[in-house]
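Structure first, commentary second.
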There are 2 protein chains.
Amino acid sequence: MTRIKDVALAAGVAPSSASRALTGHPHVSPELRARVEAAALRLNYRPNAVARSLRSTGTRTIGLVVSDLLNPFFTELARAVEDAARQAGFSVIVGNADEDPAQQDHYVRILLERQVDGLIVVPTTETSPLLHEAARRGDHLVLVDRPAADVDAPSVLADGTDAITELVDHLVTTGRQDIAIITGPDRAGSSKHRLSAFRDALARHARPLPPARVRHGDFRRSSGSTELAALLAGNSVPDAVFVANGSMALGAIEYLATHRDAAPLVPESLAVAVFDDLPWFSLLSPTLTAIEQPTAALGRRAVEMLLDRIAGRPVSDERLGCVLRLRESTQRPRGVSR
Amino acid sequence: MTRIKDVALAAGVAPSSASRALTGHPHVSPELRARVEAAALRLNYRPNAVARSLRSTGTRTIGLVVSDLLNPFFTELARAVEDAARQAGFSVIVGNADEDPAQQDHYVRILLERQVDGLIVVPTTETSPLLHEAARRGDHLVLVDRPAADVDAPSVLADGTDAITELVDHLVTTGRQDIAIITGPDRAGSSKHRLSAFRDALARHARPLPPARVRHGDFRRSSGSTELAALLAGNSVPDAVFVANGSMALGAIEYLATHRDAAPLVPESLAVAVFDDLPWFSLLSPTLTAIEQPTAALGRRAVEMLLDRIAGRPVSDERLGCVLRLRESTQRPRGVSR
DNA sequence: TGAATGTGTGGAATCGATTCCACGGAATCG
DNA sequence: CGATTCCGTGGAATCGATTCCACACATTCA
């Protein structure tokens with residue numbers, strides 16, 4: 001491997017000068033710079049970023065720990081983070097926690113050992129000792145999509161309260177009587193938040209949300225099927241269901257499609273709505289009512305906030321709004337008024 | 001920050017001994033090891049992976065450069081790679097080339113500078129001077145999903161020839177007369193391969209594939225719409241179309257959905273089939289015929305091959321088969337025989 | 001019992017770059 | 001015109017860990 005020493009030798013200068021020439025230091029004569037650059041090119045020199053990072057502080061790398069890479073929402077988030085990071089000259093190391101707190105900790109630890117300049121995390125749990133400790137030690141940290149109560153770090157979240165309220169209003173005014181929710185695990189902040197926004201919205205219409213109408217999935221595809229099946233198994237079944245993320249929605253729709261004869265008709269006897277909008281929702285029949293999150297914006301803002309933090313600029317929490325996309329799956333069929 | 005020197009001091013030993021104790025070196029007395037471990041725990045010592053990598057060779061990191069992270073196929077691939085890598089104790093740095101050869105080169109360069117132990121690349125182009133050079137220099141490299149003629153590196157590809165042949169047979173025997181293809185850019189090896197398998201399969205039935213029936217998209221969603229629109233714009237339109245990847249299929253279906261009145265009926269007057277199967281294809285009506293790739297297996301094998309290569313074990317190319325999933329979108333409606 | 005081998009430990013060299021410091025010469029300033 | 005600042009450069013220290021080497025001591029073997 002050719003090192004900077006070799007380049008310096010070939011150019012007839014000291015290693016220190018070669019380094020200055022190649023990293024664009026101000027006080028370098030054009031003549032020397034040209035000689036060094038020529039030598040570097042001739043020797044096909046590739047700087048060793050590991051050595052560089054050791055001496056100078058900073059790796060120009062940020063770590064991203066997401067809770068489930070297979071969920072298209074996080075894919076898009078990761079993509080946005082990667083994009084924004086690259087534009088700022090940073091690389092991204094991605095860790096997939098798979099909704100498992102232990103695996104999340106594993107990645108946080110690894111990434112910190114790798115001396116990432118900062119960390120963007122979608123916390124799988126609301127309380128995490130390791131994240132708490134990292135924030136306390138002054139590691140640069142930004143939380144995204146889900147809050148974490150005990151971690152002292154800024155967060156960027158999608159605030160779905162208004163959209164959820166609007167959705168519930170729509171369900172109630174179109175005559176739905178028995179409204180259920182399939183939400184995520186209680187340990188996830190986003191899950192709790194969506195549930196309470198939902199409950200509050202129902203309360204405004206003086207509707208309670210009985211425990212039997214709250215199902216906790218794990219945010220993964222298969223739990224969408226299972227939990228919907230559970231809801232439909234009783235002898236009194238709901239006439240509307242709100243699914244708290246896209247992956248579980250896929251599972252739920254699959255359940256409906258594979259049990260077409262036994263399952264209630266959508267939207268006639270069952271309204272379906274989803275938190276998180278996916279491109280193919282409008283290709284289904286009926287098309288699927290969904291709440292659209294500002295996914296890419298979340299990723300971009302997370303990176304901006306992290307870079308601010310790294311640069312020592314002040315950073316505060318941020319909430320981005322969501323938009324309700326009313327489609328066929330929550331429509332009362334024509335003429336069936338009550 | 002606490003360094004190993006501090007731990008050594010606290011434990012009353014030399015840094016070299018501390019290092020041996022913590023890295024599980026064989027000749028260390030249990031007593032000393034215990035003292036060092038206690039000190040490390042007490043000081044909350046976190047080893048600096050950058051420094052470690054500089055001295056010892058290897059970063060236990062592999063680089064993955066994919067051509068388009070938003071394509072669910074690559075998401076799943078990335079997920080599989082990440083999974084297999086983690087199990088082997090490696091981290092993954094992901095770069096997204098966005099189907100742009102320049103961006104691909106950018107990432108390959110960055111990742112090599114970061115001293116990744118190996119590189120898994122989905123090449124955007126069939127010939128890449130930088131990859132060629134990297135392979136020549138002996139950097140560990142594995143290509144996945146698409147071949148690259150001039151790069152001396154092992155590859156893992158999904159071989160769709162049989163499935164494509166089967167599909168074409170099915171289209172021809174169910175009476176389709178005018179069969180078209182929307183493939184990817186010519187620079188992508190996978191695109192060329194799918195096109196030629198398709199052409200060969202037609203040729204067996206003595207069917208030519210006229211230039212007007214071959215549309216080149218860019219593998220992205222929007223080009224699916226545009227190219228299908230172009231096919232349907234002429235005064236003679238095809239009665240079957242094969243879309244060469246999932247993202248373009250999404251665009252194509254969107255086009256059909258938004259032009260429902262003007263567009264031909266599927267499958268009655270237009271059969272639609274896709275290379276790459278996505279979970280929601282069977283939720284559409286009509287459900288979508290697709291060729292399923294062994295996506296996760298591709299990712300796993302790529303990692304295994306890369307690790308073999310790093311360990312100096314011999315590695316050879318691999319081809320994994322695909323499966324045709326016949327669904328409604330290519331079915332002749334009952335009674336409309338010819 | 002003497003030689004050979006093995007074990008546990010400390011000190012110093014090392015990985016490859018950046019950066020601090022010093023120094024000579026040029027430019028600037030009062 | 002002497003003093004100060006600035007510029008360009010080389011040599012050496014440095015980042016934090018691992019690993020080579022040497023040495024003291026214990027063990028094994030012939």
Side-chain angles (χ1 to χ4, degrees), chain A residues 1-37 39-40 43-61 89 109-117 137 139, chain B residues 1-37 39-40 43-61 89 109-117 137 139:
Chain A
M1 208 213 302
T2 93
R3 306 166 304 257
I4 200 170
K5 198 201 295 186
D6 306 319
V7 174
L9 200 68
V13 302
S16 45
S17 298
S19 169
R20 281 186 292 253
L22 293 173
T23 53
H25 203 82
H27 304 312
V28 176
S29 72
E31 192 269 339
L32 184 144
R33 170 158 306 168
R35 261 208 341 270
V36 171
E37 278 171 355
L43 299 183
N44 195 14
Y45 170 65
R46 212 184 289 291
N48 182 326
V50 170
R52 182 202 310 252
S53 299
L54 180 58
R55 182 53 170 101
S56 37
T57 35
T59 51
R60 299 203 74 74
T61 304
R109 200 166 281 121
I110 289 277
L111 291 168
L112 291 177
E113 286 184 4
R114 305 237 156 159
Q115 314 293 116
V116 293
D117 296 335
R137 287 193 0 175
D139 290 321
Chain B
M1 209 214 300
T2 94
R3 307 168 303 261
I4 199 169
K5 199 200 296 186
D6 306 319
V7 174
L9 200 67
V13 302
S16 45
S17 298
S19 170
R20 280 186 293 253
L22 293 173
T23 53
H25 203 84
H27 304 312
V28 177
S29 72
E31 193 269 338
L32 184 144
R33 171 160 306 168
R35 261 206 344 269
V36 171
E37 277 169 356
L43 298 182
N44 195 13
Y45 170 66
R46 210 185 288 293
N48 182 327
V50 171
R52 182 202 311 255
S53 299
L54 180 57
R55 182 53 170 103
S56 37
T57 35
T59 51
R60 301 203 72 75
T61 305
R109 199 166 281 121
I110 290 278
L111 291 169
L112 290 177
E113 287 184 3
R114 304 237 156 157
Q115 314 294 117
V116 293
D117 295 336
R137 286 193 0 176
D139 291 319

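Chain letters run A, B, ... following the sequence lines, proteins first, then strands; residues in each count from 1.
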*Closer than 4.0 Å, any side-chain N/O of B/Ser29 to the OP1 or OP2 of C/dT9?*
yes

*Short side-chain N/O contact to C/dG16 OP1/OP2 from A/Tyr45, under 4.0 Å*: no

Rounded interatomic separation in angstrom, taking [atom1] from [X] and [atom2] from [N]:
X	N	atom1	atom2	answer
B/Lys5	D/dT18	NZ	P	14 Å
B/Gln115	C/dG16	CD	P	9 Å
A/Arg114	D/dG16	CZ	P	18 Å
A/Leu54	D/dA13	CG	P	17 Å
B/His25	C/dG10	NE2	C1'	14 Å
B/Glu31	C/dT9	CD	C1'	12 Å
B/His27	C/dG8	NE2	C1'	9 Å
B/Arg20	D/dC21	CZ	P	14 Å

Taking any heavy-atom pair under 4.0 Å as a contact, classify [X]: base, sugar-phosphate, or nothing.
X	result
B/Val13	sugar-phosphate
B/Ser19	base
B/Thr57	nothing
A/Ser16	base
B/Ser53	nothing

*Where the side chain of B/Ser56 is concerned, which of D/dT19, D/dG16, D/dG10 is the nearest nucleotide?*
D/dT19

*Closest to side chain of A/Ser17, choosing from C/dG10, C/dT18, D/dT9*: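 Of C/dG10, C/dT18, D/dT9, D/dT9 is nearest to the side chain of A/Ser17.
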
*Once you round to the nearest 0.5 Å, how far does CG of B/Leu9 lie from CZ of B/Arg3?*
10.0 Å

Return all side-chain donor-acceptor pairs below 3.5 angstrom for residues 109-117 of chain B, not counting sequence neighbours, or 'none' if the list is empty.
| from | atom 1 | to | atom 2 | distance (Å) |
| --- | --- | --- | --- | --- |
| B/Arg114 | NH1 | A/Thr61 | OG1 | 2.2 |
| B/Arg114 | NH2 | A/Thr59 | O | 3.1 |
| B/Arg114 | NH2 | A/Arg60 | O | 3.2 |
| B/Asp117 | OD1 | B/Thr59 | N | 2.9 |
| B/Asp117 | OD1 | B/Thr59 | OG1 | 3.4 |
| B/Asp117 | OD2 | B/Thr59 | N | 3.3 |
| B/Asp117 | OD2 | B/Arg60 | N | 2.6 |

*For the side chain to side chain contact (heavy atoms under 4.5 Å, CB included) test, which of A/Asp6, A/Ile4, A/Val36 pairs with A/Tyr45?*
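Only one option passes, and that is A/Ile4.
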
*Does A/Leu32 reach the side chain of A/Ser17, with side-chain heavy atoms less than 4.5 Å apart?*
yes

*asked:* Quick check: do B/Ser16 and B/Arg20 have side-chain heavy atoms less than 4.5 Å from each other?
replied: yes

_Evaluation steps, side chain to side chain contact (heavy atoms under 4.5 Å, CB included), between A/Arg137 and B/Asn44_ = CA-CA 11 Å; A/Arg137 287 193 0 175; B/Asn44 195 13; 4.1 Å; yes

*To the nearest 10 degrees, what angle separates the axes at the start and end of the helix from C/dT1-D/dA30 to C/dG30-D/dC1, five pairs each?*
30°

*May I ask you to decide if B/Met1's main-chain N or O and B/Arg46's side chain share a donor-acceptor pair within less than 3.5 Å?*
no

*asked:* Looking at A/Arg52, is its backbone amide N or carbonyl O close enough to the side chain of A/Ser56 to form a donor-acceptor pair, meaning the two atoms are under 3.5 Å apart?
replied: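 Yes, because the side chain of A/Ser56 sits within donor-acceptor range (under 3.5 Å) of the backbone of A/Arg52.
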
*asked:* Using only modelled atom types and a 3.5 angstrom limit, is any donor from either the side chain of A/Arg55 or the base of D/dT14 paired with an acceptor on the other?
replied: yes

